[in-house]
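Heads up, the thing below is written out as structure tokens.
These values consider heavy atoms only, across backbone and side chains, with no hydrogens, waters or symmetry-generated copies.
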Amino acid sequence: QLQLVESGGGLVQPGGSVRLSCVDSNATLAAYSIRWFRQAPGKEREGVSCISSLDGSTYYSDAAEGRFTISRSNDKNTVYLQMTHLQPEDTGLYFCAARSGTCWPGATYDYWGQGTQVTVSS
């Protein structure tokens, strides 16, 4: 049973950067594919990025491509989402989620964190 905990969110100015972390203290995250989602007020949740447990392949939404980088540190049992060139439209609650298997876009995720808020505003 995973217990995912996100951290690293906060208030950041447009054009700024932030690094989110997703950690679990009970299991080895390397065994799971991890996807970051976000949800803005009044909008549907959307997938942002995923890192595969099988081969470390990474995937990004169109909005994230070129600005966000997902990575994992197995020794720290943590998955990161480095976000740069942030814009107000990146504001939202960011969640990490885990599943056994690939980053297939239509996959369901078995474990979810509570989320960390990112607000991009001047």
Taking the inter-plane angle between the rings of Tyr111 and Tyr32 on a 0 to 90° scale, is it parallel (under 30°), tilted (30 to 60°) or perpendicular (over 60°)? perpendicular
Report the distance from atom OG1 of Thr69 to atom CZ of Arg19, rounding to the nearest 0.5 Å. 11.5 Å
Under a single-linkage definition using a 4.5 Å side-chain heavy-atom cutoff for Ile, Leu, Val, Met, Phe, Trp and Tyr, are Val23 and Leu4 assigned to the same hydrophobic cluster? no
Linking I/L/V/M/F/W/Y whenever any side-chain heavy atoms sit under 4.5 Å apart, do Phe68 and Leu20 land together? yes
Find out if a path of hydrophobic residues (ILVMFWY) with successive side-chain heavy-atom gaps under 4.5 Å connects Phe95 to Leu2. no
Can you see which heavy atom on Trp36 is nearest to which on Ser21, and at what distance? CH2-O, 3.6 Å
Ala64 backbone acceptor or donor facing Ser61 side chain under 3.5 Å: yes
If you round to the nearest 0.5 Å, how far is OG of Ser71 from CD1 of Ile51? 6.5 Å
What's the spacing between Phe37 CZ and Leu81 CG if we round to 0.5 Å? 12.5 Å
Are the side chain of Thr91 and the backbone N or O of Glu89 linked by a donor-acceptor pair below 3.5 Å? no
Kindly give the heavy-atom pair with the smallest separation between Gln87 and Gly15, and that separation in Å. NE2-N, 4.0 Å
Checking the side chain of Arg35 only, and the main-chain atoms of Ala98 only, is there a donor and an acceptor separated by less than 3.5 Å? no
Ser33 and Ser52: which non-hydrogen atoms are nearest, and at how many Å? OG-CA, 3.4 Å
Got a second to check how far Met83's CE is from Ser17's OG, nearest 0.5 Å? 9.0 Å
Rounded to the nearest 0.5 angstrom, the CG-CD distance for Leu93 and Gln114 is 9.0 Å
Determine whether a donor-acceptor pair (N or O, by modelled atom type, separation under 3.5 Å) exists between the side chain of Glu6 and the backbone of Cys96. yes
Within one Ile-Leu-Val-Met-Phe-Trp-Tyr cluster: Val48 and Tyr60, side-chain cutoff 4.5 Å: yes
Give a yes or no answer on whether the side chain of Asn77 reaches the backbone of Asn74 with a donor-acceptor pair at less than 3.5 Å. no
When you measure from the centre of the six-membered ring of Tyr94, is the NZ or CZ of Arg38 closer than 6.0 Å and no more than 45° off the axis? no
Report yes if the side chains of Tyr80 and Ser73 come closer than 4.5 Å at any heavy-atom pair, otherwise no. yes
Return yes if some donor-acceptor pair links the side-chain N/O of Arg67 with the main-chain N/O of His85 below 3.5 Å, else return no. yes
Correct closest heavy-atom pair for Ala30 and Ser53 would be O-CB, 3.6 Å
Enumerate donor-acceptor pairs with a distance under 3.5 Å from any side-chain N or O in residues 115-122 to protein atoms, sequence neighbours excluded.
{"from": "Thr116", "atom 1": "OG1", "to": "Gly9", "atom 2": "N", "distance (Å)": "3.1"}
{"from": "Gln117", "atom 1": "NE2", "to": "Gly92", "atom 2": "O", "distance (Å)": "3.4"}
{"from": "Gln117", "atom 1": "NE2", "to": "Thr119", "atom 2": "OG1", "distance (Å)": "3.4"}

Please tell me if the side chains of Val18 and Leu86 come closer than 4.5 Å, counting only heavy atoms from C-beta onward. yes
Between the side chains of Arg99 and Tyr109, is a donor N or O closer than 3.5 angstrom to an acceptor N or O? no
For the student: nearest non-hydrogen atoms of Leu29 and Arg72, plus distance: O-NH1, 2.8 Å
Nearest heavy-atom contact between Ile70 and Ile34 is CD1-O, 3.8 Å
